[in-house]
Asker: 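Below are the structure tokens for one structure; questions will follow.
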Amino acid sequence: QVQLVESGGGLVQAGGSSSLSCAASGLTFRRYAMTWFRQAPGKDREFVAGINRSGFSTNYADSVKGRFTISRDGAKNTVYLQMNGLKPEDTAVYYCAAKDTYTSYPNNYVATESDEYDHWGQGTQVTVSS
């Protein structure tokens, strides 16, 4: 059974930093592209950042480019999101998602649409105060 467990987040002041982790189990981690989405109250879930299965290709939403960094550690089956320069508009529940890209997609593929993802974490709240 695939499980994605997020941790981190919480309450942060504007301009501050926070980091999220997502520990994956029940899957062959190296097969999966990993992504962070977020959902603010009353809004649709949106793509934040993604990393390909090998870890050499990343993709970011324009709203977080230059502020957020996604990375992965194959030895720990964990993906991270380092968030710097946080803004109140970054307030949302952040979700980790995994997509098996090994069989049918090129190595650098990172999907940005939520309906492409097979597995989701339970989410972790990030609140940025002004």
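These numbers come from a predicted model, not from an experiment. What you see below is based on every heavy atom in this structure, not just the backbone, and it leaves out hydrogens, waters and symmetry mates.
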Asker: If you group Ile, Leu, Val, Met, Phe, Trp and Tyr whenever their side-chain heavy atoms sit less than 4.5 Å apart, what else falls in with Val126?
Answerer: Val2, Leu4, Val12, Leu20, Leu27, Phe29, Tyr32, Met34, Trp36, Val48, Ile51, Tyr60, Val64, Phe68, Ile70, Val79, Leu81, Met83, Leu86, Tyr94, Val128

Asker: Go through the steps for Ser7 and Thr124 under the test side-chain contact (heavy atoms from CB on, under 4.5 Å), then give the verdict.
Answerer: CA-CA 6 Å; Ser7 60; Thr124 188; over 6 Å; no

Asker: How long is the gap from CD on Glu6 to SG on Cys96, to the nearest 0.5 Å?
Answerer: 5.5 Å

Asker: Looking at every heavy atom in both Gln82 and Ser17, which two are closest together, and how far apart are they?
Answerer: NE2-CB, 4.0 Å

Asker: Quick check: do Thr112 and Asn59 have side-chain heavy atoms less than 4.5 Å from each other?
Answerer: yes

Asker: Distance alone, cut at 3.5 Å: any donor-acceptor contact between the side chains of Thr127 and Gln125?
Answerer: yes

Asker: Do Asn107 and Ser54 have side-chain atoms, one donor and one acceptor, less than 3.5 Å apart?
Answerer: yes

Asker: Out of curiosity, Glu89 CD to Ser130 OG, how far, rounded to the nearest 0.5 Å?
Answerer: 10.0 Å

Asker: For the pair Phe37 and Trp120, name the ring-plane relationship: parallel under 30°, tilted 30 to 60°, perpendicular over 60°.
Answerer: tilted

Asker: So that I can tick it off, tell me whether Arg67 and Asp90 are bridged by a salt bridge, with the cut-off set at under 4.0 angstrom between side-chain N and carboxylate O.
Answerer: yes

Asker: Rounded to the nearest 0.5 Å, how far apart are CD of Gln13 and OG of Ser129?
Answerer: 5.0 Å

Asker: Can you see whether Ser19 engages Tyr80 through a side-chain donor-acceptor pair at a distance of less than 3.5 angstrom?
Answerer: no

Asker: In the hydrophobic clustering that connects Ile, Leu, Val, Met, Phe, Trp and Tyr at side-chain heavy-atom distances below 4.5 Å, which members other than Tyr105 occupy its cluster, ordered by chain and number?
Answerer: Tyr109

Asker: Write down the atom of Thr78, the atom of Lys76, and the distance for their closest heavy-atom approach.
Answerer: OG1-O, 2.8 Å

Asker: Determine whether Thr103 and Arg31 make a side-chain contact, defined as any pair of heavy atoms from C-beta on separated by less than 4.5 Å.
Answerer: yes

Asker: For a quick check under 3.5 Å, do Thr91 and Arg38 share a side-chain donor-acceptor pair by atom type?
Answerer: no

Asker: Give the minimum heavy-atom separation between Tyr117 and Ala97, together with the two atoms involved.
Answerer: CD2-CB, 3.6 Å

Asker: Any chance you could measure Thr35, atom OG1, to Tyr95, atom OH, to the nearest 0.5 Å?
Answerer: 15.5 Å

Asker: Compare every heavy atom of Gly55 with every heavy atom of Arg72, then report the nearest pair and how far apart it is.
Answerer: CD-CA, 3.8 Å

Asker: Determine whether Asn52 and Thr101 satisfy the following criterion, side-chain contact (heavy atoms from CB on, under 4.5 Å), listing intermediate values before the conclusion.
Answerer: CA-CA 8 Å; Asn52 75 314; Thr101 63; over 6 Å; no

Asker: If the threshold is 4.0 Å, N to carboxylate O, is there a salt bridge linking Asp118 and Lys99?
Answerer: no

